[in-house]
Amino acid sequence: TNQERMFLVFTEWVKLLQRVPGDDVKVTVFIRQMIDKGVLNTTDNMIQFTKAALELSVGSFKESDPTSEVFIATDAFSKLIVNLLVLQDFAGMNRSEYLRLMISVITMVFSEDQGRMGNSFNERPYFRLISSLLCEWENISGHNFVKIQDQYYRSQLNEFTPEFYNIIASFLHVYQPIAFPGFSFAWITLISHRMFLPKMLRLPEKAGWSKLVLLFTDLLKFMAQYTKKNDVPDAVSVVYKGALRVFLAVANDSPDFLVENHYELLNHLPHVYMQLRNVILSAIPKDLAIPNPYDPNLRIDGVESCQDAPNVFYDPVQDLKSLKKPVDNYLRIPSTSLLRVISTNVFKQEFQKDNGIGYDTVSVDTKLINAIVLHVGVEAALEKHKTTANAIFNTKSSYYTLLASLLNDGTAEVRFHVVQAIANQLRYPNAHTQWFNYVLKNFFLEDWDADTAEIQEIIIRTLLERIVTNKPHCWGIIVTFTDLLKSPECSILTLPFVMDIPEVEMIIKNL
Amino acid sequence: ELLAQDRAQNAAFQNPLFHPGLDHWLQTKRTLLQPHETMPAEMASQLESSLLNCPDSLDADTPHLHHNTLSLPHPTSIFFPNETTRLVSNDPVDQTRIHPKHNDIYSRTSLGRIMSKFDLDALFFIFYHYQGSYEQFLAARELTIRGWQFNKINRCWFYKEVEKLPPGMEQSEEISWRYFDYQKSWLARRCGAEFVYREEEFERI
Amino acid sequence: LGIDLTPVLHSLGIPSNQQSRHRVLDTFQSPWIETSRSEVEPRFFVPE
């Protein structure tokens with residue numbers, strides 16, 4: 001049968017690769033013969049062949065002695081895919097479509113295997129397939145495909161490379177833990193793979209960043225969904241440990257990725273993962289020297305890097321939805337009616353469960369609040385750049401009053417989430433950190449009539465919870481908290497909510 | 001989304017070969033749109049099974065299908081450990097070695113460290129007999145760190161020896177070149193006086 | 001409250017002093033220490 005012939009061809013390929021080195025001319029000849037004899041000349045044949053090769057590879061893994069080489073067929077298949085992508089002349093179908101088709105077939109076989117086997121599903125051969133595919137691509141693409149003699153094909157392949165990685169990323173998105181829990185640990189290992197993650201981080205023009213943010217949010221969503229306050233399944237704890245290590249590695253290698261994508265990442269990060277949040281927010285751009293935040297003589301206004309606004313990869317204005325016009329109009333020409341529109345439209349349609357510290361549900365649209373706060377900060381920094389610092393370091397400026405009115409008109413819940421969103425911008429010394437430091441200090445010292453105590457408590461709580469955790473701590477949080485501690489206008493120790501709780505009083509005294 | 005787009009555009013997806021995988025896959029889409037509130041028992045056990053099968057660093061390693069004959073294992077005593085020599089070690093790097101390559105990604109690998117202790121003979125042996133391999137690459141890197149340069153034309157490694165001359169002489173230093181003769185004598189030999197260094201002949205590593 | 005990250009950073013090969021900073025993702029073995037016992041071959045390039 002056709003399928004049996006496909007099995008035979010693939011088996012021959014596997015045997016060949018065990019006898020000759022991967023770059024031997026016989027390997028190229030084999031591929032050429034495969035194409036000339038029409039083994040893959042129709043999409044039906046391609047699909048059938050891919051299915052046959054994968055089923056053979058997975059079958060061979062399952063049947064192999066676990067102490068022997070179990071991945072021979074799988075590795076051979078990866079090498080075949082890469083050779084087909086590189087050696088063929090793409091006329092009817094382009095490379096992207098070709099690769100997508102093959103991976104779609106792989107996805108179907110994977111889904112079927114997973115659906116049929118349930119708990120007995122073994123993720124390892126599928127992991128190995130993608131891992132080896134990434135290794136093979138890296139091998140052949142070294143130094144901009146210098147191993148390819150023909151200049152035209154070399155430039156085609158170079159153009160294709162970001163596509164290659166983004167296609168893999170798209171399929172990893174399909175395999176995310178919420179959809180395929182039986183693949184979770186292989187999945188996390190793949191998104192952090194040495195031949196994938198650093199590549200995606202460093203593609204020219206940040207071409208891999210969107211997909212990477214998508215994958216990291218897939219991970220965070222999974223963690224958020226299954227982290228309950230009283231009961232975290234052991235397996236989810238292990239997921240968290242792995243996620244933490246991956247983020248630490250990213251913070252070390254490519255802090256700019258975390259700096260520029262903090263907004264999207266934090267939108268899906270469960271509140272209880274305080275340390276992980278601090279890891280993301282305390283990323284500092286490479287080669288930026290920052291002053292000691294504990295220096296008693298430090299003045300934030302004197303720090304040079306506060307002249308520059310941080311890059312924001314994803315513009316939060318896209319998340320403002322119906323509030324975009326009211327917010328932007330208010331910033332230009334403040335009016336109380338616009339404020340009312342904004343304040344009344346920050347709520348969700350219905351209550352949602354949440355695993356916050358001290359709360360179980362959320363009725364405000366936290367993503368919307370995060371978007372408003374960051375957008376206002378971005379605009380404020382732009383304003384300062386266009387005009388003067390006085391335009392924004394001014395409690396009468398529309399930038400300040402917009403946020404102030406959210407606090408004034410809001411419930412405790414709204415206030416809490418607005419303050420949290422502001423605290424998320426208190427990072428390394430930059431224009432946003434500087435402005436939000438100003439905003440939060442003034443919020444703390446302002447007279448809110450009967451609500452003063454509540455607002456002050458929310459601010460102190462927000463800052464404190466980010467400092468009492470183990471390190472790292474954000475520079476901007478430390479500086480802001482220190483400013484408040486040093487403030488002559490208000491002694492934190494005399495505040496009722498501090499005096500009422502001995503533990504808190506002790507911490508503040510020590511600080 | 002991906003498959004839906006492709007489905008619309010591509011007749012291939014009408015193919016019955018996509019079933020029953022497609023049905024299983026569509027089921028997972030349902031879970032994505034409406035994730036379970038708490039983890040159902042089935043999901044929990046699949047997650048645990050994934051944890052048990054978690055791929056390790058051996059699974060993630062680079063595939064090597066065709067094994068170089070020189071690396072065939074030879075019989076060893078049962079008393080020798082069977083463990084890999086590539087155990088991870090996060091010990092600090094020797095700070096006395098100063099070269100830009102000392103902060104590259106290979107400086108902290110165990111093979112990179114081991115090679116820094118090999119003598120030239122071993123490095124040349126690996127370079128010429130393990131062509132195209134990671135080991136050859138590391139040997140080349142180590143030779144570069146030690147000041148050797150690779151000539152693309154004659155495929156030999158060259159070393160520039162700079163001898164400081166006593167003060168008062170016409171020149172302050174004397175330069176002589178050596179090369180490693182891998183084809184005949186397997187020794188480092190002095191280059192003749194007619195040797196001229198041309199930068200373009202040497203590989204930039 | 002999180003944990004002391006010093007041993008975690010050490011397991012990643014990230015030095016505590018910022019001076020000798022270097023990349024770790026290119027030789028990353030696995031997200032978990034338990035599955036990171038052996039090294040993985042990083043990318044490399046050998047000219048023809």
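Per chain, numbering begins at 1; letters A, B, ... match sequence-line order.
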Checking [X] against chain C: side chain, backbone, both or neither under 4.5 Å from a heavy atom?
X         : result
Val250(A) : both
Val238(A) : both
Ala251(A) : backbone
Met195(A) : side chain
Leu276(A) : neither

Does some side-chain heavy atom of [Y] sit less than 4.5 Å from a side-chain heavy atom of [X]?
X         : Y         : value
Leu258(A) : Phe216(A) : no
Pro255(A) : Ile284(A) : no
Ile33(C)  : Val8(C)   : no
Val504(A) : Ile508(A) : yes

Looking at [X] and [Y], what are the two nearest heavy atoms and their distance?
X         : Y         : result
Ala249(A) : Phe28(C)  : CB-CE1, 4.4 Å
Ile140(A) : Phe145(A) : O-CD2, 3.5 Å
Pro162(A) : Leu203(A) : CA-CD1, 4.1 Å
Pro198(A) : Leu25(C)  : CG-O, 3.9 Å

Short of 3.5 Å, which donor-acceptor contacts do chain C and chain A share? List atoms and distances.
from	atom 1	to	atom 2	distance (Å)
Leu1(C)	O	Asn470(A)	N	2.9
Leu1(C)	O	Asn470(A)	ND2	3.3
Gly2(C)	O	Asn470(A)	ND2	3.3
Ile3(C)	N	Gln275(A)	OE1	2.9
Ile3(C)	O	Gln275(A)	NE2	2.7
Ser11(C)	O	Arg245(A)	NH2	3.4
Ser11(C)	OG	Arg245(A)	NE	3.3
Ser11(C)	OG	Arg245(A)	NH2	3.1
Arg21(C)	NE	Asn252(A)	O	3.3
Arg21(C)	NH2	Ala251(A)	O	3.4
Arg21(C)	NH2	Asn252(A)	O	3.1
His22(C)	O	Asn252(A)	ND2	2.8
Val24(C)	N	Asp253(A)	OD1	2.8
Val24(C)	N	Asp253(A)	OD2	3.1
Leu25(C)	N	Asp253(A)	OD2	2.8
Asp26(C)	OD1	Arg202(A)	NH2	3.0
Ser30(C)	O	Arg245(A)	NH1	3.0
Pro31(C)	O	Arg245(A)	NH1	2.9
Trp32(C)	NE1	Val238(A)	O	2.7
Glu41(C)	O	Arg194(A)	NE	2.8
Glu41(C)	O	Arg194(A)	NH2	3.1

Quiz item: By a 4.5 Å heavy-atom criterion (distance strictly below it), what part of Pro47(C) contacts chain A: side chain, backbone, both, or neither?
Solution: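 Contact with chain A: none, neither part.
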
Quiz item: So what's closer than 4.5 Å to chain A heavy atoms on Leu9(C): side chain, backbone, both or neither?
Solution: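 Just its side chain gets close to chain A.
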
Practice problem: Please say which of Leu197(A), Ile191(A), Ile188(A), Leu220(A) ends up in a side-chain contact (heavy atoms from CB on, under 4.5 Å) with Leu215(A). | Solution: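 Single pass found, and it is Ile191(A).
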
Quiz prompt | Value rounded to 0.5 Å, distance of CG in Leu172(A) from CG in Leu219(A) | solution =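 The distance works out to 12.0 Å.
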
Quiz prompt | Heavy-atom pair count under 4.5 Å with chain C, highest-scoring of Leu248(A), Val246(A), Val279(A) | solution =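 Sorted descending by pairs with chain C, the first entry is Leu248(A).
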
